Every structure is written in structure tokens, then in C-alpha cells.
Visitor: 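Submitted below is the structure of interest, expressed as C-alpha cells.
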There are 2 protein chains.
Amino acid sequence: MNWENKIISEEQNQTARFAKAMSHPIRLYVLDLLAKQTCCYSGDLSEILPIAKSTLSQHLKELKNAGLIQGEIEPPKVKYCLNMENWKLAQKLFKNFLKL
Amino acid sequence: MNWENKIISEEQNQTARFAKAMSHPIRLYVLDLLAKQTCCYSGDLSEILPIAKSTLSQHLKELKNAGLIQGEIEPPKVKYCLNMENWKLAQKLFKNFLKL
DNA sequence: AATTTAGTTCGCAAATTTACGAACAATATT
DNA sequence: AATATTGTTCGTAAATTTGCGAACTAAATT
């Protein structure tokens, strides 16, 4: 998954990567929440969402790997926020893609 | 994948479904093309894209299942276009989600 | 030093995705 | 009727995703 065969542009590959990060309801929910309020703790999410905390942790890791969120350690908790730089990039890419 | 547990809204589920359809570079490329020009033939895509035509056919099927495109049979070819109703819905959902 | 708290990582199973070539279907042409 | 064209479906393999509980880590508290 990452055609550098010139047919699919790097912009399209990046858009697809972001879309993939958004393609699971749990992850979309987390992003949606972080876009509304500034930050949240992993524990807050764990209480609300009907999944094991190990599963949640994996989803958060994927969002981090996609560059859409970042976690700040506040022992013993972890505070998650959007990675604003990449969130703005995602806004730009989807705006272009969807012709908004 | 489809939490009707009231925590994740139907809107969020739908947004995630669209995101999933967009989450593969090949599918994103097809959508991008159809958003730029009105329609295209399966064969045109097959010539351009570096994948087997059976694989392309599967991707097109997924886009159809997600409701984002529709295929019109013009024997012996198939002409694909965006499903404008759902494309507009996707625009709306992503606009809301990304706060554009 | 033992315990508690908050999260992550590991190991595993089940399901889904991605990809291909071969076989098939439907229409158009010879 | 045989052939060619265009796509889809089938069968299969490999990789990835999703999810869980158990085990682990790190810091704070007792």
C-alpha cells in the first residue's frame, strides 16, 4: 500500500492513509471528540467505549501512527490531543479531494 | 462494525463506512478521477492502474457497495459514475467531521 | 518494599482485506 | 455458430485488522 508508481500521487496516498485511520467507528469517535474538545484522557474513553482497554490502546496507537493524534504522559494518565499540524493537513487533503 | 450501542451515532458509523471506501489508494484514485471528470469506463482504469482487472473489479464493487459510485452497462463496456446523492452525503459528513 | 493506578505490549484467534489467475457470462462481430 | 471483447465471479493464498485477557511497565502512594 503505497504506490510510488507515479500513477497514484503522494497526496492521494496520504489521503488514503488518513481515510484508513478514520475508517473504524471507534477511531472516528475519538477523532470527533478531540476535534470538539481540546483533549481527553485515555481513561475517559475507556469508560465510555464498549471495548477492552487493550483494544482501545491499539486504536489510539493507530491514530498516533497515522499522525492524527498525540499523547502526552501525565503520570499515571495519558492525555491525548489532536496533532494539529496533521489534522490541518487532513482538512486540506479532504477538502481538495471532496471539492469542498 | 456498526455500533448501535448509542455511543457511536449513525452519522459517525456512516462517516466511517465512507472513510473505509476511501481508505485504499486505488479506490481513492477512482473516486478522485470520477469527481474530476463525469464518468469513465472500467477498461480505461484497467489500462492505467497496475493491478489485475479482477482486483479492479473488486475495488469497484466495494465502491458500489459503499454507495459512492454506480455502474451503467453499455455493452460490452461498463461506464462508472459517482453516485451523486451519496457523494454529496459524504461531502456533508466529512465537512461536519473535519469542521470545514 | 509492597500496592495501586493507568496504560501498553504480548500472544493468540477469528474475521476481513487484498491480490491473482482461471473460469465464466453477456453482448457484438465475423 | 464460432470468436472476440469486456467485465464479473470463483477459488485460493497471504497479509492485515480487530478484539480479548494476561502479563507487564512506570510512576505515585502507602
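Please read all numbers here as calculations on a predicted model, not as lab measurements. Hydrogens, waters and symmetry mates play no part in the numbers below; they use all other heavy atoms, side chains included. Every chain is numbered from 1, with letters handed out A, B, ... down the list of sequences.
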Visitor: For the side chain of Ser23(A) and the backbone of Lys20(A), is there at least one donor-acceptor N/O pair under 3.5 Å apart?
Guide: yes
Visitor: As an exercise, state the distance from CD1 of Ile69(B) to CG of Asn86(B), rounded to the nearest 0.5 Å.
Guide: 11.5 Å
Visitor: Can you measure Lys77(B) atom NZ to dT29(C) atom P for me and round it to whole angstrom units?
Guide: 12 Å
Visitor: Would you kindly give the CD1-to-C1' distance between Ile51(B) and dC20(C), to the nearest whole Å?
Guide: 11 Å
Visitor: In whole angstrom, give the distance that lies between atom CE of Met22(A) and atom P of dT17(D).
Guide: 16 Å
Visitor: Could you give the CG-to-P distance, from Asn65(B) to dT17(C), as a whole number of Å?
Guide: 11 Å
Visitor: If you only use heavy atoms from C-beta on, which nucleotide in dT16(C), dT8(D), dC20(C) is closest to the side chain of Tyr80(B)?
Guide: dT8(D)
Visitor: Which atom pairs, donor and acceptor, lie under 3.5 Å between side-chain atoms of residues 30-37 of chain A and protein residues at least two apart or in another chain?
Guide:
| from | atom 1 | to | atom 2 | distance (Å) |
| --- | --- | --- | --- | --- |
| Asp32(A) | OD2 | Lys36(A) | NZ | 3.3 |
| Asp32(A) | OD2 | Gln12(B) | NE2 | 2.7 |
| Gln37(A) | NE2 | Cys39(A) | O | 2.8 |

Visitor: Check for a donor-acceptor pair, side chain of Arg27(B) on one end and backbone N or O of Ala16(A) on the other, with a separation under 3.5 Å.
Guide: no
Visitor: For the pair Thr15(A) (side chain) and Glu11(A) (backbone), establish whether a donor and an acceptor sit closer than 3.5 Å, ignoring hydrogens and angles.
Guide: yes
Visitor: Check every atom of dT18(D), dA19(C), dT17(D) against the side chain of Arg27(A) and return the nucleotide holding the closest atom.
Guide: dT18(D)
Visitor: In this structure, would Leu89(B) and Leu68(B) fall into the same cluster of hydrophobic residues linked by side-chain contacts under 4.5 Å?
Guide: yes
Visitor: Walk along nucleotides 21-30 of chain D from 5' to 3' and tag each nucleotide B, S or - by protein heavy-atom contact under 4.0 Å, base first, then sugar-phosphate.
Guide: BB----S---
Visitor: To the nearest Å, give me how far apart CD (Glu72(A)) and P (dG7(C)) are.
Guide: 13 Å
Visitor: Under the rule for ring pair (Phe, Tyr, Trp, His ring centres under 6.0 Å), what residues qualify as partners of Phe97(A), not counting sequence neighbours?
Guide: Trp87(B)
Visitor: Measure the distance from NZ on Lys79(A) to P on dG7(C) and round it to the nearest whole Å.
Guide: 13 Å
Visitor: Give a yes or no answer on whether the side chain of Ser46(B) reaches the backbone of Gly43(B) with a donor-acceptor pair at less than 3.5 Å.
Guide: no
Visitor: Once you round it to whole Å, what is the distance between C1' of dT6(D) and CD of Glu74(B)?
Guide: 13 Å
Visitor: Within a reach of under 6.0 Å around CG of Leu100(B), are more than 12 heavy atoms found that belong to other residues, nucleotides or ligands?
Guide: yes
Visitor: Atom NE2 of His24(A) and atom C1' of dT16(C): how far apart are they, to the nearest Å?
Guide: 12 Å
Visitor: With salt bridge (charged side-chain N to carboxylate O under 4.0 Å, His left out) as the rule and sequence neighbours excluded, what pairs involving residues 66-76 of chain B come up?
Guide: Glu74(B)-Lys79(B)
Visitor: In residues 57-64 of chain B, what residues come within less than 4.0 Å of DNA chain C, judged by heavy atoms?
Guide: Gln58(B), His59(B), Glu62(B)
Visitor: If you group Ile, Leu, Val, Met, Phe, Trp and Tyr by side-chain heavy-atom gaps below 4.5 Å, do Leu63(A) and Tyr41(A) land in one group?
Guide: no
Visitor: Strictly below 4.0 Å, heavy-atom distances to any atom of DNA chain D: list the hits from residues 30-43 of chain A, or just say none.
Guide: none
Visitor: Under 4.0 Å: is that the gap between some side-chain N or O of Lys20(A) and OP1 or OP2 of dT17(C)?
Guide: no
